K.L.:
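Before I ask anything, here is the structure I am working with.
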Amino acid sequence: MSAHLSEQEELRRQKLNELRNLGIDPYPADEFKTNASAADIKANYERDKLNYKDISIAGRIMSIRDMGKACFAVIQDATGRIQIYVRKDDICQGEDKTLYDTVWKKLIDIGDIVGLQGFVFTTKTGEISLHVTTLKLLSKSLRPLPIVKTDESGKSFDEVSDPEFRFRQRYVDLIINPHVRETFLKRTQIINSIRTTLNNAGLLEVETPILQSIPGGAAARPFITHHNALNIPLYLRIANELYLKRLIVGGFEGVYEFAKDFRNEGMDRTHNPEFTVLEFYVAYKDYNWMMSFTERLLEKVANDLYGTTEVKIGDTIIDFKAPYKRISMYDAIKEHTGIDISSMNEEELRGVCRQLGIHVDNSMGKGKLIDEIFGGKCEGHYVQPTFIIDYPVEMSPLTKKHRRVEGLVERFELMVNGKEIANAYSELNDPIDQRERFEDQLRLQERGDDEAMFIDHDFLRALEYGMPPTSGIGIGIDRLTMLLTNNASIQEVLFFPQMRPEIKQMGQEEQP
RNA sequence: GAUUCUGUAGCUCAGCCGGUAGAGCAUUACACUUUUAAUGUAAGGGUCCUGGGUUCGAGUCCCAGCAGGAUCACCA
């Protein structure tokens with residue numbers, strides 16, 4: 001087993017044995033009680049010194065500065081880092097100096113997790129620190145932790161930046177890169193903020209099936225699996241839309257779900273095979289109401305996160321303050337191409353695409369062609385939050401037809417920083433219209449569009465019982481988090497982004 | 001899937017025209033009882049991603065593969 005351990009790993013295993021020989025359990029079972037945290041001490045010690053005389057904290061050793069008979073070290077807990085001061089004569093009050101000379105100085109390493117008791121003080125150089133009086137090893141680390149050093153100005157040295165290392169061993173990334181931890185704390189704050197808003201609005205948080213026999217509610221290639229007992233294929237959901245609408249039929253007037261969806265498609269810096277979408281549906285509302293609700297929702301998220309509606313993303317500042325600009329899709333295309341496509345047929349649209357240098361193929365219907373023009377020529381221009389409204393009916397099979405304009409539906413997408421982050425409708429609740437739209441999808445499928453929607457007969461049955469007029473929306477939580485944390489890659493906002501498995505290396509390493 | 005870049009010590013990276021592998025941090029030893037990228041002295045540590053090929057000789061050149069990044073394609 002030792003053949004492929006590094007020198008440092010061997011050494012730490014030896015230390016493990018030496019600890020046991022001294023009667024010290026490197027992995028003790030008993031609870032270690034703490035009464036403070038790094039952030040708490042730093043924030044409150046100065047104005048409440050009396051309460052920091054008998055402190056117990058626990059955390060991971062991040063660095064050690066050995067001064068001989070005294071040491072400074074930095075401990076990291078869930079709230080941050082704090083310096084500790086370990087002095088030989090304080091942790092070894094009697095004759096026996098083993099705890100300091102052997103255990104602390106030789107057997108404990110950077111990366112080990114320790115429990116500490118002591119009193120808080122301020123050093124000569126002004127750093128609030130814990131003067132340690134008792135020390136207990138809580139967990140021995142057997143792998144050397146990559147060391148990232150940071151100077152006073154916050155500049156870091158030898159930061160571990162290799163994406164493969166960081167994503168495969170996210171646990172290490174989280175330990176050594178504080179900004180990574182920060183991103184994930186913000187992700188949770190974003191979700192909490194939204195959840196609070198939705199709860200306050202009286203919506204009900206629900207859970208709907210992830211395993212579906214008909215992968216509906218969106219157009220995408222699904223992951224397929226097999227249920228043994230029922231002997232049927234099942235699909236991981238690509239959306240939960242049709243289930244949430246069934247609940248509206250069932251009489252709930254507002255429902256939401258933070259849903260993991262799965263799509264068996266390409267991966268890049270904005271796509272991961274599993275991702276999180278918030279969908280919510282509110283009865284008796286339309287897409288105009290939904291736009292107003294959405295802009296207030298996002299304004300509040302930005303405020304909760306940063307105390308302002310202005311968020312810096314790359315070099316630009318995006319202002320989430322409501323209201324947002326609204327522009328119809330036809331007007332958006334006219335604005336950026338100079339072409340009015342509002343009355344064009346499929347052939348004319350195909351001509352426009354060729355003229356604009358947009359790739360087309362025969363499986364594309366009218367709706368798809370318009371979407372290609374918008375995606376290719378317009379989408380990127382909408383940096384500040386903008387609602388693109390009134391989409392062609394062909395590309396929106398679950399959306400109610402526009403109340404005034406023939407050929408359009410009541411749909412909007414919210415564009416921010418040139419990317420779509422939300423998609424919403426006045427929901428189609430006419431069961432006969434819905435059946436015809438599904439049948440149109442079937443025809444697209446026959447024409448070669450492998451992402452056209454399947455017909456869900458049970459969903460149609462539900463609509464036939466009657467669904468109140470409803471507006472619904474899907475918000476991409478990963479992309480929203482990317483925006484609000486200024487991250488360009490979806491991998492930076494997912495703890496464990498999908499990676500090709502590292503079969504060979506693990507097979508060898510895990511042998512012993 | 002296409003193009004392109006990258007893969008060397010635990011980590012970050014050098015390595016020239018092909019000639020027995022280098023630095024900083026980390027590690028080990030010694031010194032130092034308020035340091036903070038602590039410091040000083042010394043030492044150890046390598047499957048140069050994998051497999052072929054060319055060559056007297058390959059980390060370096062060629063081919064294939066693996067893994068990752070970027071761009072594009074795909075993904076309403």
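Worth saying up front: this structure is predicted, and the values here are computed from it rather than measured. When reading the values below, keep in mind they use all heavy atoms of this one structure, side chains included, and skip hydrogens, waters and symmetry mates. So that the names make sense, note that chain A is the first sequence line, chain B the second, and so on, each numbered from 1.
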K.L.:
The side chain of Asp371(A) is closest to which nucleotide in this list: A76(B), A26(B), U33(B)?
P.N.:
A76(B)
K.L.:
Once you round it to whole Å, what is the distance between P of A67(B) and CE of Met499(A)?
P.N.:
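Rounded to whole Å, this separation is 11 Å.
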K.L.:
Return the value, rounded to whole Å, for the distance between atom CG of Leu130(A) and atom C1' of U35(B).
P.N.:
16 Å
K.L.:
Choose from A76(B), U34(B), A73(B) the nucleotide whose nearest atom is closest to any side-chain atom of Met395(A).
P.N.:
A76(B)
K.L.:
Using atom C1' in both nucleotides, what's the gap between G15(B) and C61(B) to the nearest angstrom?
P.N.:
16 Å
K.L.:
For Phe184(A) and Phe495(A), take the angle between the two ring planes, folded into 0 to 90°, and tell me which bin it lands in: parallel under 30, tilted 30 to 60, perpendicular over 60.
P.N.:
parallel
K.L.:
Tell me the interatomic distance from Ile490(A), atom CD1, to A70(B), atom P, rounded to whole angstroms.
P.N.:
12 Å
K.L.:
Take Arg500(A) and Lys124(A), find for each the nucleotide of RNA chain B with the closest heavy atom, and name the residue whose nucleotide sits nearer the 5' end.
P.N.:
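Result of the comparison: Lys124(A).
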K.L.:
Ser6(A) side chain to Glu9(A) main-chain N or O, any donor-acceptor pair under 3.5 Å?
P.N.:
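Indeed, once roles are kept as given, a pair shorter than 3.5 Å links the two residues.
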K.L.:
With a 4.5 Å cut-off on side-chain heavy atoms, are Ile473(A) and Tyr281(A) touching?
P.N.:
no
K.L.:
Give Glu127(A) one of three labels, base, sugar-phosphate or nothing, depending on what nucleic acid heavy atoms sit under 4.0 Å from its own.
P.N.:
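Base contact - Glu127(A) has a heavy atom under 4.0 Å of at least one base atom.
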K.L.:
So, Lys368(A) and Asp371(A), do they make that salt bridge, N to O below 4.0 Å?
P.N.:
no
K.L.:
Does Phe121(A) reach a base, just sugar-phosphate, or nothing at all? Heavy atoms under 4.0 Å.
P.N.:
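Touches a base.
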K.L.:
Determine the interatomic distance between P on C17(B) and the same-named atom on U71(B); round to the nearest Å.
P.N.:
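Going atom to atom, P in each nucleotide, I get 31 Å.
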K.L.:
I'd like to know whether NZ of Lys334(A) has more than 12 heavy-atom contacts from other residues, nucleotides or ligands below 6.0 angstrom.
P.N.:
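No, not enclosed.
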K.L.:
Can you see if the side chain of Lys106(A) gets near the phosphate of C30(B) - specifically, an N or O under 4.0 Å from OP1 or OP2?
P.N.:
yes
K.L.:
Does Thr150(A) reach a base, just sugar-phosphate, or nothing at all? Heavy atoms under 4.0 Å.
P.N.:
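Since only primed, P, OP1 and OP2 atoms lie under 4.0 Å of Thr150(A), the category is sugar-phosphate.
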K.L.:
Could you give the CZ-to-C1' distance, from Arg65(A) to C25(B), as a whole number of Å?
P.N.:
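These atoms are roughly 14 Å apart.
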K.L.:
Should Tyr382(A) and His336(A) be marked as a ring pair (Phe, Tyr, Trp, His ring centres under 6.0 Å) after you check the CA-CA gap, both sets of side-chain angles, and the distance that decides it?
P.N.:
CA-CA 11 Å; Tyr382(A) 296 102; His336(A) 292 105; 5.3 Å; yes
K.L.:
If we count only N and O atoms by modelled type, under 3.5 Å, do the side chains of Tyr52(A) and Asp40(A) hold a donor and an acceptor together?
P.N.:
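There is such a pair (donor and acceptor under 3.5 Å, judged by atom type) between the side chains of Tyr52(A) and Asp40(A).
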K.L.:
Between atom CG in Leu5(A) and atom P in U47(B), what is the gap in whole Å?
P.N.:
12 Å
K.L.:
Pairing check on A2(B): which nucleotide meets the Watson-Crick or G-U wobble criteria with it, both distances under 3.5 Å?
P.N.:
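Its partner is U71(B) (Watson-Crick or G-U wobble, both distances under 3.5 Å).
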K.L.:
How about Arg65(A): does its CZ atom have over 12 heavy atoms from other parts shown lying under 6.0 Å from it?
P.N.:
yes
K.L.:
Quick one: look up who G18(B) pairs with, Watson-Crick or G-U, both distances under 3.5 Å, and put none if it's unpaired.
P.N.:
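Pairing partner, where one exists within any strand: none, as none qualifies.
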K.L.:
What does Arg168(A) touch in the nucleic acid at a heavy-atom separation under 4.0 angstrom: a base, only the sugar-phosphate, or nothing?
P.N.:
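Sugar-phosphate only.
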K.L.:
Got a salt bridge between Lys88(A) and Asp101(A), using NZ or NE/NH1/NH2 to carboxylate O under 4.0 Å?
P.N.:
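Asp101(A) and Lys88(A): salt-bridged.
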K.L.:
Using a cut-off of strictly less than 4.0 Å, decide whether Arg411(A) has a side-chain nitrogen or oxygen near OP1 or OP2 of A76(B).
P.N.:
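No.
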K.L.:
Could you list, one pair per line, each protein nitrogen or oxygen that sits under 3.5 Å from a nitrogen or oxygen of nucleotides 9-15 of chain B, together with the distance?
P.N.:
| from | atom 1 | to | atom 2 | distance (Å) |
| --- | --- | --- | --- | --- |
| G10(B) | N7 | Gln8(A) | NE2 | 3.4 |

K.L.:
Given the P atoms of A43(B) and U47(B), what is the spacing between them in whole Å?
P.N.:
22 Å
K.L.:
Please measure how far the P atom in C74(B) lies from the corresponding atom in A2(B), and state the result in whole Å.
P.N.:
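Per the computed distance, 15 Å lies between those P atoms.
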K.L.:
Check for me: is Phe72(A) stacked on A38(B) by the 5.5 Å centroid and 30° plane-angle rule?
P.N.:
no
K.L.:
Between C75(B), A37(B), U34(B), spot the one nearest the side chain of Glu152(A), thanks.
P.N.:
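Between C75(B), A37(B), U34(B), the one nearest the side chain of Glu152(A) would be A37(B).
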K.L.:
Looking across every strand, which nucleic acid part, if any, lies under 4.0 Å from Met329(A) by heavy atom: base, sugar-phosphate, or nothing?
P.N.:
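The answer is nothing, as Met329(A) stays clear of every strand by at least 4.0 Å.
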K.L.:
With syn defined as a glycosidic angle within 90° of 0 and anti as everything else, classify C49(B).
P.N.:
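For C49(B), whose glycosidic angle is more than 90° from 0, the conformation is anti.
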K.L.:
Checking all strands, does Glu394(A) fall into the base, sugar-phosphate, or nothing category for heavy-atom contacts under 4.0 angstrom?
P.N.:
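No contact at all - Glu394(A) keeps every heavy atom at 4.0 Å or more from the nucleic acid.
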K.L.:
Under 4.0 Å, heavy atom to any atom of RNA chain B: which of residues 80-90 of chain A qualify?
P.N.:
Gln83(A), Tyr85(A), Arg87(A), Asp89(A)
K.L.:
With rounding to whole Å, what would you report as the distance between A38(B) and U33(B) at their C1' atoms?
P.N.:
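Their C1' atoms lie roughly 14 Å apart.
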K.L.:
Starting at the 5' end of RNA chain B and moving along, which residue's nearest nucleotide shows up first, Asp151(A) or Ala218(A)?
P.N.:
Asp151(A)
K.L.:
Measuring only the P atom in each nucleotide, how far is C66(B) from A58(B)? A whole number of Å is fine.
P.N.:
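Looking at atom P only, C66(B) and A58(B) are 25 Å apart.
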K.L.:
Let me know the distance between CG of Asp66(A) and P of U27(B), rounded to the nearest Å.
P.N.:
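Rounded to whole Å, this separation is 10 Å.
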K.L.:
With rounding to the closest Å, how many angstrom separate the P atoms on U41(B) and U4(B)?
P.N.:
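Per the computed distance, 48 Å lies between those P atoms.
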K.L.:
Atom CZ of Phe119(A) to atom P of U34(B): distance rounded to whole Å?
P.N.:
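About 14 Å, once rounded to whole Å.
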K.L.:
Within less than 4.0 Å of OP1 or OP2 of U33(B), is there a side-chain N or O belonging to Lys105(A)?
P.N.:
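Answer is no, no contact under 4.0 Å.
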K.L.:
For Gln491(A) and G68(B), is the shortest distance between a side-chain N/O and OP1 or OP2 below 4.0 Å?
P.N.:
no
K.L.:
Does one side chain, of Thr270(A) or Asp268(A), offer a donor that lies under 3.5 Å from an acceptor on the other?
P.N.:
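On atom types as modelled, these side chains qualify, holding a pair under 3.5 Å.
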K.L.:
Return the pairing partner of G46(B) with a 3.5 Å limit on both distances, Watson-Crick or G-U wobble; otherwise return none.
P.N.:
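Partner of G46(B): none.
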K.L.:
Separation of Met267(A) atom CE from A73(B) atom P, in whole Å?
P.N.:
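Whole-Å distance recorded here is 18 Å.
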K.L.:
Give a yes or no on whether a salt bridge exists between Arg437(A) and Glu439(A), defined as a side-chain N under 4.0 angstrom from a carboxylate O.
P.N.:
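Result for this pair is no, no salt bridge flagged.
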K.L.:
Among C32(B), C75(B), U28(B), which is the nearest nucleotide to the side chain of Leu11(A)?
P.N.:
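Side chain of Leu11(A) sits closest to U28(B).
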K.L.:
Is Asp89(A) paired with Lys97(A) through a side-chain N to carboxylate O contact shorter than 4.0 Å?
P.N.:
yes
K.L.:
Regarding Arg13(A) and Glu10(A), does a basic nitrogen lie under 4.0 Å from an acidic carboxylate oxygen?
P.N.:
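Not counted as a salt bridge, because no side-chain N and carboxylate O are separated by less than 4.0 Å.
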K.L.:
If I pick the C1' atom on A9(B) and the same atom on G59(B), what distance separates them, to the nearest angstrom?
P.N.:
14 Å
K.L.:
Can you tell me which nucleotide in A26(B), A70(B), C32(B) comes closest to the side chain of Lys149(A)?
P.N.:
A26(B)
K.L.:
Side chain of Lys368(A) only, please: which of G68(B), A26(B), C75(B) is the nearest?
P.N.:
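Closest nucleotide among those given: C75(B).
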